[in-house]
Amino acid sequence: MMKIALSSTSVRDYPNGVTPMQIAESIDTCLAKEVFSASVNGKMWDLLRPIYNDSSVRFYKWKDIEGKHTYWHSSAHLLAGALHSLYPNIRFGTGPAIENGFYYDVDLGDKFVIKDADFVFIENKMRELARKKIPICRRNITKQNALKLFKERGEIYKVELINKLENCEIVIYTQGDFIDLCLGPHLPNTSYIRSFKLTAVAGAYWNKDKKQKQLTRIYGVSFPSDKELNEYFALIDEVKKRDHRRIGKEMELFTFSSKVGQGLPLWLPKGTQLRLKLEDFLKKIQQKYNYQQVITPHIGNKMLYEISGHYAKYGENSFKPINTPEEGEEFLLRPMNCPHHCEIYKAFLRSYKELPIRLAEFGTVYRYEQSGELHGLTRVRGFTQDDAHIFCSPEQIKEEFVKVINIVHVVLHALNFNNYETQISLRNPNDKLKYIGSEENWKNAEMAILEVCQEKKIKAEIKLGEAAFYGPKLDFLIKDSLGRKWQLGTIQVDYNLPERFELEYIGNDNQKHRPVMIHRALFGSIERFVAILIEHSGGKFPLWLVPSQVVIIPVSEKYNQYAEKIAKKLYSQNIRVVVDNSNEKIGKKIRNNELRKIPYLLIVGKKEENNSKLVVSVRKHGVGNVGVVEVTNFVGDFNNELEKQIKYNSEI
RNA sequence: GCCUCUUUAGCUCAGUGUGGAAGAGCACGUGAUUUGUAAUCUCGUGGUCGUUGGUUCGAAUCCAACAAGAGGCUCCA
């Protein structure tokens with residue numbers, strides 16, 4: 001007998017070799033039906049895998065991430081099983097569970113291509129295999145046997161994976177004819193997988209390497225019942241309504257033109273108003289933090305980028321140089337603002353007394369992003385960074401870094417972004433050729449970021465290999481409506497560009513010293529920021545951001561729809577309008593300065609006692625109530641009447 | 001750039017498999033009605049079917065190229 005701990009208080013005796021499934025059944029038959037996997041002493045475990053030692057056991061159901069992952073991972077195997085029987089000579093790559101569902105990467109050989117239209121056949125085969133209740137069995141074999149097994153089956157990708165593993169026991173799972181190299185855990189059999197759908201097919205490079213073969217990746221989702229599947233797709237539809245491309249079009253914020261070119265956004269009048277408000281907001285905050293605004297040109301001599309190292313790194317894959325009538329004179333559309341700011345620093349002899357120097361610019365830059373990477377406003381070829389460069393002495397780095405972190409927090413909170421992730425991006429220590437600068441500089445820069453984050457108690461994920469080529473960075477990431485993460489704010493410590501541009505200052509020892517540069521952006525790119533702002537707010541921006549002439553406030557939720565309709569009418573008459581149905585007290589908002597600058601408030605839904613008419617009262621800022629429109633009296637004529645009233649009021 | 005998919009009215013989309021007079025809903029306009037809180041009903045405007053070329057007696061539909069867009073992959077200074 002062994003002791004199995006099921007919680008901190010419950011320990012039970014079980015015979016040696018008991019499986020989690022048997023334990024679950026002994027507790028409650030309902031539990032046994034709901035569990036998908038378990039963990040034994042913290043290690044993920046199949047339900048049918050025996051336990052031989054005293055252990056603590058936990059169960060995972062659908063509601064647990066671990067349970068979902070087991071379910072999806074086995075779904076990936078079911079998909080693979082179906083493909084295995086449908087496509088001869090198919091070779092399998094990897095097939096994990098992902099955040100929402102699963103995929104499998106396969107090499108179909110030259111003869112076959114999987115298209116969307118094939119999904120039905122594959123799904124049918126999956127359904128057939130699921131109904132057969134095929135056991136999914138775990139086995140341990142030696143590395144040698146594993147290599148032999150997969151070589152015989154022609155599974156070249158699996159062989160490659162096994163070769164990378166240490167010389168120990170290899171875990172494989174069998175499911176009928178289909179055998180996979182896999183650590184598990186898995187569902188006991190295929191019949192667990194009830195409701196599923198293949199969602200997409202895409203190319204994916206083997207080993208995430210562009211130079212290697214592109215495999216076919218098939219994505220799917222699966223659920224324990226149709227109800228959950230339908231709910232999932234309903235949710236996806238709901239989420240798509242928040243897409244910034246859709247809302248941006250509806251609200252007339254921005255557009256694209258194939259004639260202007262891919263990835264080159266055109267800001268419409270309403271979008272420009274919004275953008276200018278955001279820029280003003282940043283300018284004010286930066287002024288408080290003692291930044292100085294500068295303006296530099298959108299192009300620069302090619303030499304400038306050769307010095308910075310950007311040309312060597314990105315030149316070949318970017319917009320080509322612009323030639324002038326002069327022989328050998330070449331300019332580049334600037335892909336970043338740093339070199340320009342370095343030259344501003346260099347315009348004078350600098351003293352340590354001047355430092356830190358903080359130069360800020362809304363700098364428009366142009367980068368030739370791969371066409372397949374372009375995406376609405378989040379990834380474009382021409383965009384404006386809210387860029388700044390801080391030139392400081394090495395001793396000032398930490399203090400300056402902390403100040404930037406503070407300013408990022410202020411800005412994000414002001415715009416209601418309370419859920420963001422932070423990420424420390426360091427060099428990949430195995431691929432130092434990708435980076436410029438000395439070992440010592442990199443060490444200093446990386447240490448500075450790590451220390452500041454530790455001192456500020458910032459919980460940041462550390463990512464190796466994500467650093468910029470000239471320095472490590474701290475990034476602020478926010479998710480879009482589909483859960484994709486985008487980098488907004490970024491802070492980068494850079495010892496290298498000051499060296500390349502030979503930046504100097506005279507220290508109090510009367511000697512020349514090299515300053516350190518901190519690159520930083522709060523929004524990252526204004527385009528991307530607006531996109532994320534739209535998706536977060538669903539187009540309902542904070543009131544102070546909306547350049548509105550009229551704010552419509554329903555007094556209770558009941559009147560929301562009327563408020564929306566009135567708004568739509570006015571909007572179509574080119575009266576700038578916003579509906580505020582946040583249900584906060586109007587007085588409070590006025591006190592908080594949110595509504596101060598907005599000339600008109602329409603307050604909808606005031607009900608008259610006797611005849612139950614809908615009443616809209618018009619309030620002009622500083623004047624109080626200036627008129628009441630009784631809605632039912634103005635069917636058909638309401639808009640004119642309202643307009644008249646607004647005109648009249650504006651003349652007061 | 002690579003893989004798969006999409007492009008038809010202002011918007012959302014049918015129609016494409018099997019080639020044979022360009023459709024619906026919303027929006028917009030018009031007329032009726034004033035009632036049950038901006039509704040309901042009538043009629044109507046609106047389209048070189050992304051572009052160019054090919055196959056065909058005939059192409060929105062089949063083929064090719066190009067362009068733009070979507071979801072991935074790779075990339076992201």
Side-chain angles (χ1 to χ4, degrees), chain A residues 98 103 105 108 113-119 198-219 236 240 243 245-246 249-250 256-263 305 308-315 317-318 334-339 365-376 378-381 383 385 387 425 434-436 466-471 473 475 482 484 486-487 490 492 494 497 519 521 524-525 528 558-559 561-566 568-569 572 604-605 607-608 611-616 630-639:
Chain A
I98 51 176
Y103 69 76
D105 282 350
L108 295 155
V113 178
I114 290 182
K115 303 202 167 192
D116 292 9
D118 302 322
F119 286 174
L198 299 180
T199 51
V201 55
Y205 300 103
W206 174 239
N207 276 335
K208 300 182 171 187
D209 184 349
K210 201 178 169 180
K211 288 173 198 128
Q212 301 209 36
K213 176 144 185 173
Q214 192 170 47
L215 306 182
T216 304
R217 175 171 296 178
I218 301 166
Y219 285 90
I236 294 280
K240 277 183 185 159
D243 192 309
R245 293 163 294 192
R246 178 193 171 104
K249 190 175 190 176
E250 273 172 10
F256 288 89
S257 147
S258 60
K259 288 195 185 71
V260 173
Q262 262 185 312
Y305 307 99
S308 71
H310 287 98
Y311 189 79
K313 178 97 180 153
Y314 297 103
N317 300 312
S318 199
R334 72 168 166 198
M336 79 297 303
N337 310 302
C338 340
V365 297
Y366 301 89
R367 297 176 183 179
Y368 187 79
E369 306 287 5
Q370 295 182 52
S371 61
E373 258 313 329
L374 299 172
H375 179 98
T378 50
R379 196 81 185 270
V380 288
R381 285 180 173 167
F383 60 97
Q385 297 176 311
D387 209 356
S425 303
K434 262 175 77 178
Y435 310 93
I436 60 167
E466 301 267 310
F469 75 95
Y470 50 73
K473 52 184 185 163
D475 289 332
L482 279 176
R484 291 173 293 213
W486 295 94
Q487 177 206 309
T490 180
Q492 306 167 4
D494 181 6
L497 287 194
H519 307 242
S525 110
R528 179 178 290 180
K558 220 156 98 183
Y559 301 113
Q561 54 169 315
Y562 305 121
E564 297 282 353
K565 284 195 174 169
I566 293 168
K568 232 172 172 178
K569 283 278 180 191
S572 69
V604 177
K607 220 171 185 182
E608 286 197 344
N611 51 11
S612 75
K613 281 175 184 168
L614 185 71
V615 170
V616 177
E630 290 180 6
V631 171
T632 43
N633 290 348
F634 292 106
V635 176
D637 209 14
F638 170 66
N639 302 308

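Below, read A as the first sequence line, B as the second, and so on, with proteins coming before strands; counting in each chain starts at 1.
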| query | Any donor and acceptor pair, going by atom type alone, linking the side chain of A:D118 with main-chain N or O of A:K115 inside 3.5 Å? | reply | yes

| note | Applying the 3.5 Å cut-off to both distances, the Watson-Crick or G-U partner of B:A38 turns out to be none

| query | Roughly how many Å is it from CG in A:N207 to C1' in B:C73, rounded to a whole number? | reply | 13 Å

| Residue met sooner reading RNA chain B from 5', once A:Y368 and A:N317 are mapped to nucleotides | A:Y368

| Base partner of B:A9, which must satisfy Watson-Crick or wobble distances under 3.5 Å | none

| query | If pairing requires Watson-Crick or G-U wobble contacts with both distances under 3.5 Å, which nucleotide is the partner of B:A21? | reply | none

| remark: Sorted by chain and residue number, the salt bridge (Lys or Arg N to Asp or Glu O under 4.0 Å) partners of A:K213 (sequence neighbours excluded) come out as A:D107

| said: Going by salt bridge (Lys or Arg N to Asp or Glu O under 4.0 Å), name the residues that satisfy it together with A:E369, two or more places apart in sequence or in a different chain. | reply: A:R379

| What residues form a side-chain hydrogen bond (donor to acceptor under 3.5 Å, both in side chains) with A:N337, not counting sequence neighbours? | A:R334, A:Q385, A:D387

| message | Run the side chain to side chain contact (heavy atoms under 4.5 Å, CB included) test on A:H375 and A:R484 for me, step by step, so that the C-alpha distance in whole Å, both residues' side-chain angles and the decisive distance to 0.1 Å come before the verdict. | response | CA-CA 12 Å; A:H375 179 98; A:R484 291 173 293 213; 3.4 Å; yes

| Contacts of type salt bridge (Lys or Arg N to Asp or Glu O under 4.0 Å), residue A:D494, not counting sequence neighbours | none

| request: Looking at every strand, decide which applies to A:F256 at a 4.0 Å heavy-atom threshold: base, sugar-phosphate, or nothing. | output: nothing

| query | Would A:I114 and A:F119 count as a side chain to side chain contact (heavy atoms under 4.5 Å, CB included) if you check the C-alpha gap in whole Å, the side-chain angles of each, and the deciding distance to 0.1 Å? | reply | CA-CA 8 Å; A:I114 290 182; A:F119 286 174; 4.3 Å; yes

| Nearest-angstrom distance, C1' atom, B:G17 to B:A60 | 15 Å

| task | Measure the distance from CG on A:L374 to P on B:C73 and round it to the nearest whole Å. | result | 16 Å

| query | By side-chain hydrogen bond (donor to acceptor under 3.5 Å, both in side chains), which residues pair with A:Y305, not counting sequence neighbours? | reply | none

| said: Would you say the base of B:A77 stacks on A:Y314 (centre-to-centre below 5.5 Å, plane angle below 30°)? | reply: yes

| Between the side chain of A:R367 and the main-chain N/O of A:P335, is any donor-acceptor distance below 3.5 Å? | yes

| note | Applying the 3.5 Å cut-off to both distances, the Watson-Crick or G-U partner of B:U16 turns out to be none

| Centre of A:Y366's six-membered ring, under 6.0 Å away, within 45 degrees of the axis: is that where NZ or CZ of A:R381 sits? | no

| Rounded to whole angstrom units, what separation is found between the CD1 atom of A:I218 and the C1' atom of B:C73? | 14 Å

| request: Check whether any side-chain nitrogen or oxygen of A:R381 sits under 4.0 Å from OP1 or OP2 of B:C76, and answer yes or no. | output: no

| request: May I ask you to say what A:Q262 touches in the nucleic acid, namely base, sugar-phosphate or nothing, with a heavy-atom cut-off under 4.0 Å? | output: sugar-phosphate

| task | With C1' as the reference atom in both, quote the distance from B:G53 to B:G72 in angstrom, rounded to an integer. | result | 32 Å

| query | Which nucleotide sits closest to the side chain of A:R379: B:G72, B:A77, B:C75? | reply | B:C75

| Within this structure, what is the CG-to-P distance between A:D243 and B:G69, rounded to whole angstrom? | 14 Å

| field | A:R246 CZ to B:A70 P, straight-line distance once rounded to whole Å | value | 14 Å

| request: Would you indicate, yes or no, if B:A70 has its OP1 or OP2 atom less than 4.0 angstrom from a side-chain nitrogen or oxygen of A:R245? | output: yes

| message | Is A:H375 close enough to B:C76 that one of its side-chain N or O atoms is under 4.0 Å from OP1 or OP2 there? | response | no

| What does A:A468 touch in the nucleic acid at a heavy-atom separation under 4.0 angstrom: a base, only the sugar-phosphate, or nothing? | sugar-phosphate

| query | Just how far, in rounded Å, is P of B:U51 from NZ of A:K259? | reply | 11 Å

| field | Euclidean distance for P, B:U48 against B:G58 (whole angstrom) | value | 23 Å

Atom pairs under 3.5 Å: protein N/O with N/O of nucleotides 2-5 of chain B:
residue : atom : partner : partner atom : Å
B:C2    : O2'  : A:Q214  : OE1          : 2.1
B:C2    : O2'  : A:Q214  : NE2          : 3.3
B:C2    : O2   : A:Q214  : NE2          : 3.0
B:C3    : O4'  : A:Q214  : OE1          : 3.2
B:C3    : O2   : A:G203  : N            : 3.1
B:U4    : O2'  : A:D116  : OD1          : 2.5

| task | Take atom C1' in B:A70 and the same atom in B:C28, then report the distance between them in whole Å. | result | 29 Å

| C1' spacing across the pair B:A14 / B:A22, given as an integer number of angstrom | 12 Å

| message | Strictly by Watson-Crick or wobble contacts shorter than 3.5 Å, is anything paired with B:G71, and which nucleotide is it? | response | B:C3

| Base, sugar-phosphate, or nothing for A:G261, non-hydrogen atoms under 4.0 angstrom? | nothing

| query | Heavy atoms under 4.0 Å, any strand shown: does A:K240 hit a base, just sugar-phosphate, or nothing? | reply | nothing

| query | For the side chain of A:Y219, counting heavy atoms from C-beta on, which of B:C73, B:C11, B:A68 is nearest? | reply | B:C73

| What distance, rounded to whole Å, do you find between the two C1' atoms, one in B:U55 and one in B:U61? | 13 Å

| query | In whole Å, what separates the C1' atom of B:A24 from that of B:G19? | reply | 23 Å

| message | When you measure from the side-chain N and O atoms of A:Q370 to the phosphate of B:C76, is any distance below 4.0 Å, counting only OP1 and OP2? | response | no

| Who does B:C66 pair with, Watson-Crick or G-U, both distances under 3.5 Å? | B:G50

| request: Using atom NZ of A:K208 as one end and atom P of B:G72 as the other, report the distance to the nearest whole Å. | output: 15 Å

| task | Calculate the interatomic distance between A:K313 atom NZ and B:C75 atom P; express it in whole Å. | result | 11 Å

| Which value, in whole Å, describes the distance between the C1' atoms of nucleotides B:G25 and B:A9? | 12 Å

